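Every chain is numbered from 1, with letters handed out A, B, ... down the list of sequences. Everything quoted here is computed from the prediction, not taken from an experiment.
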Amino acid sequence: MLKEGQIRIPSGCAIAAIIDRKGGLINGSEIIKSIALMHDRSNGLGGGFAAYGIYPEHKDEYAFHIFYENAQAHQNCEEFLFKHFNIDVAERIPTKTVDSISNGPDIWRYFGRVNRVRMKNSRLDESEYVVQCVTKVNAAFEGAYIFSSGKNMGCFKAVGYPEDVGEFYMLDRYDAYLWTAHGRFPTNTPGWWGGAHPFNILDWSIVHNGEISSYDTNRRYIEQFGYKCTMQTDTEVITYLFDHLIRHHGLPVNVAADVLTAPEWDEIDRMEPGHKEYFTNLRAIYSGALVNGPFSVILGSNKGLLAINDRLKLRSLTAATKGSRAYFASEESAIRIICPDPDKVWSVSGAEPVFVPLEIDEREDD
Amino acid sequence: MSVNYIPRRFTVIRDRELCINCGCCVRQCSNECHYFSDDGKTVLSQSDACVACHRCVDLCPTRALRIEKYVCDYRENANWTPQYQQEICRQAETGGVLLSGMGTPKPYPVYWDKILLNASQVTNPSIDPLREPMEIRTILGRKPEKLTVEKKGKSTVEMPPQVILETPIMFSAMSFGSISLNAQKSLAMAAKELGTLFNVGEGGLHPDLKPFTDRAVVQVASGRFGVHSDYLNNSKYVEIKIGQGAKPGIGGHLPGEKVSVEVSNARMIPEGSDAISPAPHHDIYSIEDLRQLIWAIKQATGNKKPVSVKIAAVHNIAAIVSGCARAGADIVAIDGFRGGTGAAPVRIRDNVGIPIELALASSDQRLRDEGIRSQISLVAAGSFRCSADIVKAIALGADACYCASAPLIAMGCHMCQTCNTGKCNWGIATQRPELTKRLNPEIMYKRVVNLITAWNHEIKEIMGGMGINSIDSLRGNRLMLRGIGLSEKELEILGIRHAGE
Amino acid sequence: MKRIYAIEELCLNCRLCEVYCKSAHSQSKDIIKANKYEEPAPVSRVTVYGDNFLSAALNCRHCDDPKCVKACITGAMTKDKKTGIVYVNEDKCIGCMTCLAVCPYGCIKEGKKAVKCDLCRNDDEPACVKNCPNHALIYAEPGGEEK
């Protein structure tokens, strides 16, 4: 059986997210409860979480979460990692035995800073250096896969139902100001842990529901700029698009969202001249980054949380707010089970991104 | 001559039961295949000069006429086919280069027919184009690398000139000279109504086309016919014609007898003089010279017009396309070897160049490997027979397609491949006034509009089936394509997988 | 009133107008029977003059003050007050052809009786106009034509 990266596997899903705008901490058990309610939207072939603010004691260091399929991979990858980073901590991620989750890889985590000498020699800026190191491991080191590489955040994922994955990683021991969660329903059964979501690069993590029909257009667009879509998943390509637009092109998050779900020409034609020109230029320049087909996406980052829906609103996504918290889920019930009386509930409309910025400063030092 | 070395090609068959001897065929055939008998009442036919253009067949009020292939067997020989023998006989008679019109008729592989399209099932809904917006608007021109944004809705990006098309289909270059003014007018009127562009070719701009200059692409070819500042500025974009798919590496020759007053005015050459387009541009002997010409055109147009470079698909096409892009071309048009022509040497047309499918696929990939694909526009040309061909070209990576033969067929062309004789019975590839008046632009532009409107509908239908509602998401989306009956190498070049994979 | 106008720049000299006119004014209305077998053979009301280089289809102008109507000795030539169409009432026509002699356009043909264009008054559009392959004949109010 071919796994992600060797073949493109479309999948349907459940997604959920919680953010506390003021940076207040939320226990992992809450997000597990929310995603567990949407059990039937996934089929036990992938579940995962992203948590922000969980490593305050290492907040200035990169946290790498890595799957190893064998000892050789472990050895090769560590050798590479120790050469390119100054690693402070190397440890197994604590897990608990759960009946439904088996045959997993060896799961490690590392905290460290970049090796400044090597970075300077490479003539790359820090984030580009980290991205290239991660890409290198994932593309070239058979059996090793870095699935989380941000600061003060981490992804946790496995093959299984999301609630079982949460239990497996003992997420009730983690408190975060932003959680995203994903339950997967792939239409093929590779059973590879790396194929589960969220997908992460640096501080960006993406959970996604849907199958984009513009995949290859987006992939071939983004690969022009040095990205390599090794996973062949929608989530991966959307993550790279955001990373490219925000990090390389310096677009504000909401403008990047406009690129992916650009207004229709009918609408643009009715705009006042200034806006018409702006959006015409946006669509002309970024035609290859327009995302088509049904999708709902939640993008987590240390700047906040972005939720977008496809232009035709072909996928469900509900939002709610209560005090300083905002909730998102594929189904409203998954919000109400953890927040029974929200201040406001609404259905995220097609091509109208919702951005919930974090109101504390959680940026990198540089 | 008393010996006919070459049998005739067709037989005109007249059904006497149906023929009413009205003589319409007599008056319509410029090859003089039909005539009245001496009594002036009975119509007769002799088929020697018949080219199977079907003018008589289509106008006969009682449908009494039929054209049949004339079969005269030779001893079987898979190598020395009748065609080669006949061509040898023609050359033995004339001592000349064989000429023909339209694209190559040889049975080379047509990759469009070996590529299948995808559709959504279950995991992804197909989209109903009658219910949801289905966008085929296409924007050509050089794109900046990124949008520089101060804040949402406010950008400081300096946008080079762009061309907005309401369909990815444009009309390819056909000069006044190679086709009639009425044919050009029909295309111009259709382009205006459809929100697309027509291309005046290298024959200059006839004053009658002035009202349509907002929809015109003007060419600068090696002969520089009709090129002056007004010409360049009366256009949507300017195209430097380096080559043509049907005759790569070959210049053009419009014989003096075809250079009428009108043609001479449009081309700015003396009446009756031969119009010679040299094989190369004599000021472009390398890529750096191309850069200078592009720069000169941009200067002459105040940087207000995109500049396109049209090249024939030849072996090293990907590198050439990349070179053109780097030389400053905003649009690169690639013309595949099945592309049409008003006249080309048969040996060149049938043997030189490569198919557009392969040229397009390798050029698009090359530009992506170099990270510059999104900055320029790629236009594919060289025989698009239906909307599915267009969809496949866009999925391989084209921004837009040039079509010429299809709109000509809509205007009456029957692919008789004798454009070079100037006796086109449909009033398309001729300058004879008694023939050109047969093409009434008011009728023909509507037929062309209908054709492209129908194709637009079909493109939207196909996109909807794929779950795509903007042509932007079809462009370069090779996952929507699968090969059928193709070799590993062909699949590799096309960048697609085999059906079933 | 609506009249037929010929545009010579577009006329192909194919003379299909004549063929279709004959058929429209035949007994059978069948193009083959009308042109081959019918007796008496129907006469085309329209005639194309010229050659492939310059030609035009000529037919009755349906004059406001028609000389043919004035000259008709039996009252067969009639100008319909409502439509303005000048036509022959065949019951009254005796075939004296006085009308032919006075018509300034030569648009009346000789048959057993006088034959002339009636603008296919029982149809919406004259057969010649309907079947002109190049729209060289148009049926329009005066001034309504393009050229």
Against chain B, label C:S23 side chain, backbone, both or neither, depending on which of its atoms sit under 4.5 Å from a heavy atom there.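 Looking at C:S23, nothing touches chain B.
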Non-hydrogen atoms of chain B under 4.5 Å away: do they reach the side chain of C:I32, the backbone, both or neither?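 C:I32 touches chain B through backbone and side-chain heavy atoms alike.
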When C:N35, C:I31, C:N52 are compared by non-hydrogen pairs under 4.5 Å with chain B, the top option: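 The residue among C:N35, C:I31, C:N52 with the greatest pair count is C:N52.
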Between C:R45 and C:D118, is there a salt bridge with N-O shorter than 4.0 Å?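 Result for this pair is no, no salt bridge flagged.
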Are C:K92 and C:E90 close enough for a salt bridge, meaning some N to O gap below 4.0 Å?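 Looking at C:K92 and C:E90, the cut-off is not met.
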Test side chain to side chain donor-acceptor pair (under 3.5 Å) applied to C:T47 and C:K109, step by step: CA-CA 10 Å; C:T47 309; C:K109 308 280 177 63; 2.6 Å; yes
[X] side chain vs [Y] backbone, donor-acceptor pair below 3.5 Å:
{"X": "B:T213", "Y": "B:A216", "answer": "no"}
{"X": "C:T78", "Y": "C:A76", "answer": "yes"}
{"X": "C:S26", "Y": "C:K29", "answer": "yes"}

Heavy-atom closest contact (C:C132 atom, C:L137 atom, distance):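 The pair with the smallest heavy-atom distance is SG-N, 3.9 Å.
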Output the residues of [range] for which the shortest heavy-atom distance to chain C is under 4.5 Å, in residue-number order; output 'none' if no such residue exists.
{"range": "residues 45-65 of chain B", "value": "B:R55, B:L59, B:P61, B:T62"}
{"range": "residues 8-35 of chain B", "value": "B:R16, B:E17, B:L18, B:C19, B:I20, B:C22, B:C24, B:R27, B:Q28"}
{"range": "residues 431-447 of chain B", "value": "B:E434, B:K437, B:R438, B:L439, B:N440, B:I443"}

Only counting residues at least two apart or in another chain, list the ones meeting salt bridge (charged side-chain N to carboxylate O under 4.0 Å, His left out) with C:E125.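 Once residues adjacent in sequence are excluded, C:E125 has no partner under the salt bridge (charged side-chain N to carboxylate O under 4.0 Å, His left out) criterion.
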State whether C:Y5 and C:R61 meet the cation-pi test: NZ (Lys) or CZ (Arg) under 6.0 Å from the six-membered ring centroid, and within 45° of the perpendicular axis.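 Yes, C:R61 sits over the ring of C:Y5.
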Measure from NZ or CZ of C:R121 to the centre of the six-membered ring of C:Y87 and say whether it is under 6.0 Å with the direction within 45° of the ring axis.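 Verdict for C:Y87: a cation-pi partner in C:R121.
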Within the supplied structure, the quantity of interest is the number of heavy atoms (other residues, nucleotides, ligands) at a distance under 6.0 Å from C:Y105 OH; does it exceed 12?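 Incorrect, the count does not exceed 12.
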Could you tell me the separation between the CD1 atom of B:I428 and the SG atom of B:C419, rounded to the nearest 0.5 Å?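 If we round to the nearest 0.5 Å, B:I428:CD1 and B:C419:SG are 8.5 Å apart.
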Checking B:E262 against B:H206: is there a side-chain donor and acceptor pair closer than 3.5 Å?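 Short answer, yes.
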Would you say the side-chain atoms of B:D39 and B:S37 include a donor-acceptor pair closer than 3.5 Å?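 B:S37 and B:D39 do have a side-chain donor-acceptor pair below 3.5 Å.
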